[in-house]
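Any value given below was found using the heavy atoms of this structure, including those in side chains, with hydrogens, waters and symmetry copies removed. These numbers were taken from a predicted model, which means no experiment stands behind them.
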Amino acid sequence: MKKTIITHFYNEEYLLPWWLNHYKQIVDHGVLIDYNSTDRSVEIIKEICPDWTIINSRNAEFDAKLCDEEVIDIEKDIEGWKICMNITEFLVGDYSLLNDEPDQGIK
């Protein structure tokens, strides 16, 4: 099952290398939503994860509700396992749990 991570970013060149290197070993693909960054964020993504998708946000400014709605719309078109994390969030633990079993861990 394909594993995809989604995030939104604006001028995250400091943490982005750690975040990308962490997740590229866990997931198969990433979708990164750019809020018109003016630093090297886009270039860093292209260097570290050249096959990941970078899209420009449909929102002119960051708004939590509109951001959530945008992510939900993106998730609808992605097959398999998916998660949305901020650049400051790092998923840690037993990644073998991210397998093909539906409803895993639910008893």
Side-chain angles (χ1 to χ4, degrees):
M1 177 178 295
K2 183 176 180 181
K3 298 172 185 77
T4 304
I5 190 158
I6 303 165
T7 194
H8 42 84
F9 67 95
Y10 173 76
N11 290 351
E12 295 286 353
E13 70 180 353
Y14 179 74
L15 282 180
L16 203 48
W18 285 288
W19 193 89
L20 292 168
N21 282 307
H22 176 76
Y23 282 109
K24 76 178 185 178
Q25 297 184 37
I26 300 168
V27 301
D28 303 303
H29 189 68
V31 177
L32 296 96
I33 307 164
D34 183 10
Y35 272 82
N36 297 310
S37 292
T38 58
D39 66 355
R40 292 192 62 250
S41 293
V42 172
E43 290 83 9
I44 291 168
I45 296 165
K46 289 179 180 180
E47 290 169 8
I48 297 174
C49 297
D51 297 328
W52 286 16
T53 304
I54 303 169
I55 61 174
N56 293 323
S57 177
R58 66 187 183 198
N59 302 310
E61 296 180 7
F62 183 84
D63 176 287
K65 182 178 182 297
L66 296 177
C67 179
D68 286 349
E69 290 172 357
E70 184 173 25
V71 169
I72 289 167
D73 287 344
I74 291 168
E75 287 178 325
K76 289 177 186 175
D77 295 328
I78 297 174
E79 295 287 323
W81 184 94
K82 53 205 160 222
I83 189 169
C84 181
M85 304 288 278
N86 292 326
I87 299 298
T88 58
E89 297 177 309
F90 290 80
L91 182 65
V92 295
D94 181 359
Y95 302 125
S96 68
L97 297 174
L98 308 177
N99 58 31
D100 296 339
E101 297 177 31
D103 302 321
Q104 59 195 11
I106 298 174
K107 308 269 189 233

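Using a 4.5 Å cut-off between side-chain heavy atoms of Ile, Leu, Val, Met, Phe, Trp and Tyr, with links allowed through other members, F90 and I26 fall into the same hydrophobic cluster. A continuous path of Ile, Leu, Val, Met, Phe, Trp and Tyr side chains, each step under 4.5 Å between heavy atoms, connects W52 with M1, placing both in one hydrophobic cluster. Under the 4.5 Å side-chain heavy-atom criterion for ILVMFWY residues, no single connected hydrophobic cluster contains both F9 and F62. Cluster membership check: Y23 shares its hydrophobic cluster with V42, using side-chain heavy-atom separations under 4.5 Å among Ile, Leu, Val, Met, Phe, Trp and Tyr.
How far CG of L20 is from NZ of K46: 13.5 Å, rounded to the nearest 0.5 Å. Rounded to the nearest 0.5 angstrom, N11 CG and T38 OG1 are separated by 3.5 Å. For the atom pair CG (L32) and CD1 (I45), the distance works out to 4.5 Å, reported to the nearest 0.5 Å. Atom CD1 of I48 and atom NE2 of H22 lie 13.5 Å apart (nearest 0.5 Å). A distance of 11.5 Å separates CD1 in I74 from OG1 in T4, rounded to the nearest 0.5 Å. Rounding to the nearest 0.5 Å places CD1 of I87 at 14.5 Å from OH of Y10.
Closest approach of K82 and I78 over heavy atoms only: NZ-O, 2.7 Å. Across P17 and I44, no two heavy atoms sit closer than the pair CG-CG2, 4.0 Å. The minimum heavy-atom distance linking Y14 with W18 is given by the pair O-CZ3, 3.0 Å.
Between the side chain of D39 and the backbone N or O of S41 there is at least one donor-acceptor pair closer than 3.5 Å. For W19 (side chain) and E89 (main-chain N/O), a donor-acceptor pair under 3.5 Å exists by modelled atom type. A distance-only check finds a donor-acceptor pair linking the side chain of E70 to the backbone of R58 [under 3.5 Å]. T7 places a side-chain N or O within donor-acceptor distance of the main-chain N or O of M85, the cut-off being under 3.5 Å. In this structure, N56 contributes its side chain and D34 its backbone to no donor-acceptor pair below 3.5 Å.
Two residues are said to be in side-chain contact when any heavy atoms from C-beta on lie closer than 4.5 Å; L91 and I5 fail this criterion. Side-chain contact between W81 and V27: present, with at least one pair of heavy atoms (C-beta onward) separated by less than 4.5 Å.
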Note to self: Between E79 and K2, is the side-chain contact (heavy atoms from CB on, under 4.5 Å) condition met? List the steps.
What the structure shows: CA-CA 7 Å; E79 295 287 323; K2 183 176 180 181; 6.0 Å; no
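Under the 30°/60° scheme for interplanar angles, the aromatic rings of H8 and Y35 are found to stand perpendicular.
Judged by distance alone, the side chains of S57 and N36 never bring a donor and an acceptor atom under 3.5 Å apart.
The residues D73 and K76 are annotated as salt-bridged, a charged nitrogen and a carboxylate oxygen being separated by less than 4.0 angstrom.
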